[in-house]
2 protein chains.
Amino acid sequence: MNDPAALIRVRANPRKRDAEATRAAILAAAKTQFALLGYDCTALRDIAREAGADVALVKRYFGGKEALFLEALKASFGSDGLRDWDRANFAHEMATMLADSPHADEARTHRFQFLLRAATSPTTAPLLNLLIQDRFLGPIRDWLGGADAEARARVFAASYIGFLVERLIRGEALLGREREVFINRVAAIFATLMSERDAPI
Amino acid sequence: MNDPAALIRVRANPRKRDAEATRAAILAAAKTQFALLGYDCTALRDIAREAGADVALVKRYFGGKEALFLEALKASFGSDGLRDWDRANFAHEMATMLADSPHADEARTHRFQFLLRAATSPTTAPLLNLLIQDRFLGPIRDWLGGADAEARARVFAASYIGFLVERLIRGEALLGREREVFINRVAAIFATLMSERDAPI
DNA sequence: GAGTCAAGTCAATGCTCGTTGACATGAGCG
DNA sequence: CGCTCATGTCAACGAGCATTGACTTGACTC
């Protein structure tokens with residue numbers, strides 16, 4: 001963003017006339033910008049410049065700002081993949097990741113930022129209810145399984161969101177004993193939620 | 001917002017010329033609008049209309065949009081008051097509140113929305129780091145006390161944020177067994193974090 | 001009641017934005 | 001080569017925004 005090198009690269013090395021490549025470049029730039037600035041603060045002109053294309057092409061290829069946003073949103077959520085996690089180590093690995101810097105986990109941070117910005121913008125928030133239900137709460141519920149999966153999934157999702165927000169605000173990795181304690185406590189929360197047994201009080 | 005009755009009321013019952021009252025009305029309207037729409041989507045014109053005042057008065061009394069925002073932000077955070085909670089029942093009461101509808105807890109929801117919107121807007125996010133540290137993480141750390149209060153406060157704050165976000169997205173109260181399970185699980189998380197003993201795994 | 005100054009109003013300015021349609025260009029085909 | 005049409009460029013429009021300074025109005029003092 002505002003990267004003069006990028007501009008020079010674009011100018012010096014223009015794409016051959018290729019509609020598909022241009023469309024893809026615009027979509028990629030849109031994913032970045034929307035995640036970084038949110039819907040309302042992102043200008044189509046910036047996306048176009050970032051993609052080395054003209055604003056008019058955004059309209060031609062996507063129809064408009066809102067349509068571009070929706071496509072970028074859907075493209076950013078190709079099933080997060082709780083499936084792939086090893087259940088035995090999940091709680092500890094997840095807690096460790098949450099203790100580390102968000103920069104160490106670019107892809108996830110990026111997607112989460114996109115979702116968070118979209119959920120807190122009054123313009124785009126209404127578009128999100130279904131998506132969150134379908135691609136977030138639903139998969140977590142199925143992955144947890146067992147008794148009261150719905151309620152446990154809610155607590156799980158809420159905790160997860162909170163930890164991600166905290167990591168985003170914190171901006172850097174935790175260190176030393178604070179890191180250890182953080183990881184233990186967070187892992188304990190996830191582990192308890194994965195268990196069907198009701199929580200001990 | 002967009003309340004014709006309010007407009008009529010304002011027109012029919014104009015304030016007597018009173019700088020202080022006008023200033024207060026603008027500030028109150030700003031708190032509402034910024035919480036509802038976030039900094040970027042809020043127009044000074046709307047704030048002024050809501051307050052029954054003219055846009056130019058915003059500049060006269062506050063200096064500009066950003067200054068007004070900062071004043072509204074500070075005015076919205078007069079020490080949340082963890083102090084006042086009864087420690088014995090805290091976890092369960094807090095969990096119950098989080099299971100209920102956000103509309104049942106107007107004031108807190110309102111303030112939290114303000115903070116969340118402010119934290120996710122690229123314009124205002126930089127202004128928040130210090131405020132969050134001072135008025136959120138700090139008080140929680142002091143309230144928790146004991147060993148590793150810093151790390152526990154982080155987990156506590158993150159969980160709390162997550163539950164508030166979840167409640168905000170959910171929009172309505174939980175019912176029946178789902179509500180019971182939710183409350184138990186959430187209360188268990190808070191209770192564990194309040195305890196100095198390291199979490200059981 | 002005339003004068004004064006704070007309080008409130010108004011219109012204009014300059015900016016950014018999404019959108020749009022007219023125009024230029026180049027690659028591929030006959 | 002010359003035609004053609006997809007591809008890319010450009011300038012302009014209209015709306016909405018914060019800001020600004022000149023203007024009007026009303027309450028209070030003498």
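Protein chains get the first letters and strands the later ones, always in sequence-line order, with residue 1 at the start of each. Just so you know, these numbers come straight off a predicted model, no measurement behind them. Just so you know, these numbers use all the heavy atoms, side chains as well, and skip hydrogens, waters and symmetry mates.
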| request: For A/Ala147 and A/Glu196, work out which heavy atoms get closest and say how close. | output: N-OE2, 2.9 Å

| Base versus backbone protein contacts along nucleotides 23-30 of chain D [heavy-atom cut-off under 4.0 Å; B, S, -] | --BSS---

| message | Between A/Phe163 and A/Phe112 (judged by ring centroids, cut-off 6.0 Å), do the two rings come close enough to count as a pair? | response | no

| request: Sequence neighbours left out, what passes side-chain contact (heavy atoms from CB on, under 4.5 Å) with B/Ala151? Give chain and number order. | output: A/Glu178, A/Val181

| task | Only counting residues at least two apart or in another chain, list the ones meeting salt bridge (charged side-chain N to carboxylate O under 4.0 Å, His left out) with A/Arg177. | result | B/Asp148

| field | Cationic tip of A/Lys65 above A/Tyr39 ring, under 6.0 Å, 45° of axis | value | yes

| request: Using the test side-chain contact (heavy atoms from CB on, under 4.5 Å), find all partners of A/Arg170 that sit at least two apart in sequence or belong to another chain. | output: A/Glu166, A/Arg167, A/Glu172, A/Leu174, A/Phe182, B/Arg154

| field | Proximity to DNA chain D (any heavy atom under 4.0 Å), residues of residues 19-27 of chain A only | value | A/Ala19, A/Thr22

| query | Contact boundaries of DNA chain C with chain B (under 4.0 Å, heavy atoms), 5' to 3'? | reply | C/dA6 to C/dC10

| task | Output, in order, the C-alpha distance, side-chain angles, deciding distance and verdict of side chain to side chain contact (heavy atoms under 4.5 Å, CB included) for B/Asp105 and B/Arg108. | result | CA-CA 6 Å; B/Asp105 184 21; B/Arg108 179 185 306 266; 3.1 Å; yes

| With A/Arg179 via salt bridge (charged side-chain N to carboxylate O under 4.0 Å, His left out) - residues at least two apart | A/Asp100

| field | Contacts of B/Ala30 that satisfy side-chain contact (heavy atoms from CB on, under 4.5 Å) - sequence neighbours left out | value | B/Phe34, B/Ile47, B/Leu68, B/Ala72

| field | Trace of the side chain to side chain contact (heavy atoms under 4.5 Å, CB included) decision for A/Ile169 with A/Val165 | value | CA-CA 6 Å; A/Ile169 294 175; A/Val165 170; 3.8 Å; yes

Show me the side-chain donor-acceptor pairs of residues 52-63 of chain A shorter than 3.5 Å, one per line, residues at least two apart or across chains.
residue: A/Asp54; atom: OD1; partner: A/Ala56; partner atom: N; Å: 2.8

| task | Measure from CG on A/Leu57 to P on D/dT7 and round the result to the nearest Å. | result | 10 Å

Show each protein N/O and nucleotides 16-20 of chain D N/O combination with a separation under 3.5 Å, one pair to a line.
residue: D/dA18; atom: OP1; partner: B/Thr42; partner atom: O; Å: 3.4
residue: D/dA18; atom: OP1; partner: B/Leu44; partner atom: N; Å: 3.0
residue: D/dA18; atom: OP1; partner: B/Lys65; partner atom: NZ; Å: 3.2
residue: D/dA18; atom: OP2; partner: B/Leu44; partner atom: N; Å: 3.0
residue: D/dA18; atom: N7; partner: B/Arg45; partner atom: NH1; Å: 2.9
residue: D/dA18; atom: N6; partner: B/Arg45; partner atom: NH2; Å: 3.3
residue: D/dT19; atom: OP2; partner: B/Lys65; partner atom: N; Å: 3.1
residue: D/dT20; atom: OP2; partner: B/Lys59; partner atom: NZ; Å: 2.5

| Which parts of residues 118-127 of chain A get close to DNA chain C, meaning a heavy atom less than 4.0 angstrom away? | none

| Results of side-chain contact (heavy atoms from CB on, under 4.5 Å) for B/Asp142 - residues two or more places apart only | none

| Can you tell me how far the CG atom of A/Leu168 sits from the CG atom of A/Leu164, to the nearest 0.5 Å? | 8.0 Å

| task | Determine whether the aromatic ring centres of A/Phe156 and A/Phe136 lie less than 6.0 Å apart. | result | no

| Side chain proximity check, B/Arg49 to B/Asp46, heavy atoms < 4.5 angstrom | yes

